[in-house]
Structure formats: C-alpha cells, structure tokens
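FYI, the numbering just counts along the sequence from 1.
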Amino acid sequence: MKKMHKKIGVLMGGFTPERHVSLESGRNIYSKLAASNQYEALPLFLSGSTEAYRIFILPAALLLKDNADDVHDALLHPTKFRAAEALLTAIRQEAASITKNYAKDAIFSPEEVTFSALKERIDFVFIALHGRPGEDGTLQKILEKYDIPYNGSGIATTALTIDKYATNQFLAKKGFQVAQQLLVTQKDWDDDQLITIHTVANLFTYPIIAKPVDDGCSAGVMRIANSAMLTAYASAAFRSKPLMSDEVMQTLGLQVADYIPQQKKILLEALIEKDQAALACLETTTGLLTHIDHNGKTLYELFEPSETVAVDAILSLEEKFLAGEGHNITPARFDHNAKVAAIISKRVKRELANIARVLNIQGYARIDAFVKIYPYQKIEVWIIEINALPAMTPATCIFHQCALNGYTPFDFIHAIIQYGWTKRNFAASTETLSLDRCIKKSQ
C-alpha cells in the first residue's frame, strides 16, 4: 500500500430493486472503514440511469436517509428538498465550531464527480452495488479503464455469474449438480403461449421455480404451482407498464409491496426437493474469502455454511439481509452428531471451493446451494446461484460465518480490500478466457 490512510470510495445505490439493500450494505461498510485508523472512507452513490451514470459524494444527511429512492430523488431533483435544507442550515451554523474541529472535511451538499475525478480522490472503490451494473462486469470495465482497484471478481467472472442460466449451464458442463432449467423469452411467450406452457409441462413437474435471469438473488423469485400461475408470472415479467394488474397479483398471491421486475426473459427451474433415499435436504448459503500465497496463487477460505429457513416457500430479500426479518442457523444442522456434521460440512466446503475455483471467483462471494444428505455421510451439493458481490448489511449471515473464523466485521472488509489491492489484474488467467467463451455462447 502506498500510504497509511488509504482512501476508499464506498459505492452504493444503483438502479435495481436491490438498491435499498445496497444502501444498507454501503452504509455498513462506510461506517466500519470511517471508524478505523487505517482508512479514510468516502460515501458514493450511483444515480442517474443505465444510459448515463452519475456518481455523487454524499453528505451525511443523505447517507443516513432510510430509503434509497429518497437519496436518488434528492440527488437528481434537489429543488424538492430545499425546505429540509433550510432547516439544516441553522443547525449547521450553530455547530460550526464543533464541525471545524471534529469533521473538518464534512460536506453538506452532494458533489457530483466523474470517474477521472474520482481517480484523483480515492485509492480504491469498494463496490457495494447489487445487480447491474455493479455485478455484471460493466462497472469493473470502467474502473479498470481508469486504473482504479476494486473489490470482488473481475470482468469475465462477474459477466458470467450475473446470469443464473449461463452460470449453471457452465457448472453443469463442468460436472456439478444444478437443477434442470428452461429459459423463456418474451418472444417465445408472445409467439405462442400454449406451446411454451406445453413445453414446460413436458420438461417439469409442478411446482417449479420462476425467477429473473440476471436480477437480484431474491427479487421476483416465486414458486409456481400450476400453469395458471405460470401465465400470471409471465404476464407480470413481460408487462409493458410499471404496475402489475390486480388480476395477476391476485393469481400470484402478491401483496402491494411485492415486486416482479419487468424482463425480456425469465428462468424456470425444477424444484430441488428431498428424495426418498435422502436423510435430509437443507437450503444453505456459504460465504468465502480468497487470499494470495507467496507464489501468487489464489487460496480459498470457505466459511461454515448457514442453513436458511424461509417463512414462506422462497426466502425473501428482507429475510436474507435485513435485521429481524430472516432466520439463518450457523453452522448448518447437517447432523445431530457434531462429529458427523463436521465431516459433512468439510465435504460441502470442498465442493464449493471447487466451484469457486472453476469460476475464478476473486475476493469474496456467497454460494447458495441445497445439500442432500444420504446414509454414510454421502452428500450431493445442488447449486442454486453464485453471488459474486454479496450483500454486506449488518444482518447478513456472511458476518456470522466469518466470525466463526475469527474475523470481526472490519477484519473481513479489510481482508477484501487487501486482496483487491494486491490482485488488480483479473484478465490474464486461463480460466477467465474460458469464461469469456462460455459467456459468448450463452448470449
């Protein structure tokens, strides 16, 4: 590292339904870095649109807002918030002497910056975005263009893992176990719904799982019980208007706050369930951290898997990442006998490490999988999805997992930054080239 207090830009927000989780992740990372004596932290918010990115340095008043949409609106439409600003002005004047001594670099209005200007202000970007453009290689390309180091995997790996279909097809070709999948495009659906429904009936047995191909890990994921629900789900996903119809919401059993993103294609998967021969079938989520040895080789540290317990059939976004909403058991209950559970856990982690290695995962990640347990500690690991830049909210179970390995939350974030700073060039490995070929085939 080139200087003692490295300045880290924590980039949060974005355009996906997970921007609210991203704000929680970003604030958590920012607070840990700002409280340390090793880093200076700069809170950054990605706003604008997918066609024109706009990055702002956030003042504290916006960083602490509850809702990412409010932050987005305040940045793009500042006149809406002039009344609130007027209230704050008097308080700032009264506190000026304190601010001067203890927060001399504080800003009170958002400051927009370009990537080239950002390069001069920071040493490293910690990407706390979820979904596109932070998890699909797009932002990684821009950061590498400006020679700004960042956390997580590189361009090719993120471009693959954002696509749930391409990722699992790639893993299946490598010999790993994944659920049967079918990609349904809007064109397929519009051309002939009946043929598509018939194709689904021939390939799957209801219930099945429907999900976005490349959106967040829980947004829009539903258990589909029959063809009527499939028709309603497709109508919701392929709709031309932002709002879903009352009929569709009623058929799918959705509440007002529930959301299915508008898409051009949806992914259908067979439901992974316990079979007769299995003793158990657990849904798990497992975090990992990578290190570099003295020879430059990447080493994978797998954490203890957490068992995820959903209130409904599908674990919601809130259950995964927001405090008080979810129920995760760490370590997972693979067996009532602690020694047997440890053997199973070791085998699961070995399989997940192999998957991370094949995908060339860098920095850190989370792998969601079902683990089927059979007699004599035989296991099967069925991959659900790979999250190359997992959420870092205070409630996410990756912090529970890393704590079992001796990491405080700051230690974990620090290790991610250290790895990203050391291994800056992700494009040279043989595996990355093979991922590029796989991505081109899937498009």
Side-chain angles (χ1 to χ4, degrees), residues 17-18 20-29 32 128 130-131 164 209 211 216-223 271-274 279-289 301-336 338 340-342 344-349 351-353 355-356 361 364-373 379 381-413 415-416:
E18 288 189 79
H20 305 290
V21 175
S22 171
L23 181 60
E24 292 295 326
S25 290
R27 280 196 291 232
N28 186 40
I29 295 161
K32 300 297 186 294
H130 304 307
K164 299 177 178 71
I209 300 298
K211 61 176 71 170
C217 56
S218 290
V221 181
M222 286 203 69
R223 182 180 176 129
L271 186 66
I272 301 172
E273 295 182 293
K274 178 179 176 290
L279 301 174
C281 180
L282 280 65
E283 184 176 357
T284 65
T285 183
T286 308
L288 64 88
L289 184 63
E301 179 182 5
L302 272 293
F303 300 143
E304 281 298 320
S306 295
E307 181 182 344
T308 57
V309 182
V311 173
D312 296 314
I314 303 295
L315 200 68
S316 71
L317 197 65
E318 291 78 14
E319 285 179 289
K320 280 191 174 184
F321 304 125
L322 298 184
E325 296 289 340
H327 187 192
N328 296 296
I329 299 170
T330 309
R333 299 171 296 181
F334 290 128
D335 195 275
H336 68 275
V340 174
I344 294 171
S345 177
K346 185 176 180 180
R347 292 175 181 172
V348 170
K349 289 190 286 185
E351 182 77 347
L352 297 179
I355 288 166
I361 295 290
Y364 69 121
R366 195 191 72 241
I367 303 177
D368 296 343
F370 280 93
V371 178
K372 293 185 179 183
I373 303 168
I379 65 160
V381 178
W382 291 75
I383 299 304
I384 305 172
E385 66 177 79
I386 314 296
N387 195 320
L389 279 177
M392 299 281 275
T393 70
T396 185
C397 62
I398 201 166
F399 285 116
H400 309 160
Q401 295 170 3
C402 73
L404 290 177
N405 282 29
Y407 295 93
T408 66
F410 172 77
D411 291 337
F412 183 51
I413 294 166
I416 292 167

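- Heavy-atom minimum distance, H130 versus S25: NE2-OG, 3.1 Å.
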Note to self: For V340 and F334: C-alpha separation, side-chain torsions, deciding distance, then whether side-chain contact (heavy atoms from CB on, under 4.5 Å) applies.
What the structure shows: CA-CA 8 Å; V340 174; F334 290 128; over 6 Å; no
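- The shortest distance between side-chain heavy atoms of I373 and V371 falls below 4.5 Å.
- In this structure, the separation between CD on E283 and CD on E307 is 9.5 Å, given to the nearest 0.5 Å.
- Atom CH2 of W382 is separated from atom OG1 of T284 by 14.0 Å, given to the nearest 0.5 angstrom.
- Put simply, CG on L289 and CG on D411 are 10.5 Å apart, with the number rounded to the nearest 0.5 Å.
- Scanning all heavy atoms of the two residues, the minimum distance from I209 to L271 falls at CD1-CD1, 3.6 Å.
- Without hydrogens or angle criteria, K349 side chain to E301 main chain gives no donor-acceptor distance under 3.5 Å.
- A 4.5 Å side-chain heavy-atom check between Y364 and L389 finds at least one atom pair inside the cut-off.
- For the pair Y407/I398, no side-chain contact is recorded, criterion being any heavy-atom separation below 4.5 Å from C-beta on.
- Here the closest heavy-atom approach between residue P394 and residue F399 is recorded as O-CD1, 4.3 Å.
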Check: For K372 and I272, what are the C-alpha separation, side-chain angles and deciding distance, and is it a side-chain contact (heavy atoms from CB on, under 4.5 Å)?
Finding: CA-CA 9 Å; K372 293 185 179 183; I272 301 172; 4.0 Å; yes
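- In this structure the side chain of L352 reaches within 4.5 angstrom of the side chain of I383, judged on heavy atoms.
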Note to self: Applying side-chain contact (heavy atoms from CB on, under 4.5 Å) to I355 and I386, what does each step give before you reach the verdict?
What the structure shows: CA-CA 9 Å; I355 288 166; I386 314 296; 4.0 Å; yes
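- Proximity of a side-chain donor or acceptor of Q401 to a complementary backbone N or O of T285 within less than 3.5 Å is detected.
- No side-chain heavy atom of P390 sits under 4.5 Å from any side-chain heavy atom of T396.
- When atom types are taken as modelled, the side chain of N28 and the backbone of M392 share a donor-acceptor pair closer than 3.5 angstrom.
- Side-chain atoms of L404 and T330, non-hydrogen and from C-beta on, do get closer than 4.5 Å to each other.
- Summarising the geometry of A356 relative to L288, their closest heavy-atom pair is CB-CD2, 3.8 Å, with the distance given to 0.1 Å.
- Rounding to the nearest 0.5 angstrom, the gap separating the CG atom in L279 from the CD1 atom in I344 is 8.5 Å.
- In this structure, A391 and R366 approach most closely via the heavy-atom pair N-NH1, 4.3 Å.
- Counted by atom type alone, H400 and S306 present zero donor-acceptor pairs between their side chains at under 3.5 Å.
- To the nearest 0.5 Å, atom CG of residue D335 and atom OG of residue S345 are 12.0 Å apart.
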Next item on the list: For the pair D368 and N387, evaluate side-chain contact (heavy atoms from CB on, under 4.5 Å) and give the outcome as yes or no after the intermediate values.
Entry: CA-CA 8 Å; D368 296 343; N387 195 320; 5.9 Å; no
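- I29 pairs with exactly one of I413, I416, T393 by the side-chain contact (heavy atoms from CB on, under 4.5 Å) rule, that one being I413.
- For K274, the NZ atom is densely surrounded, since the number of other residues' heavy atoms within 6.0 Å is greater than 12.
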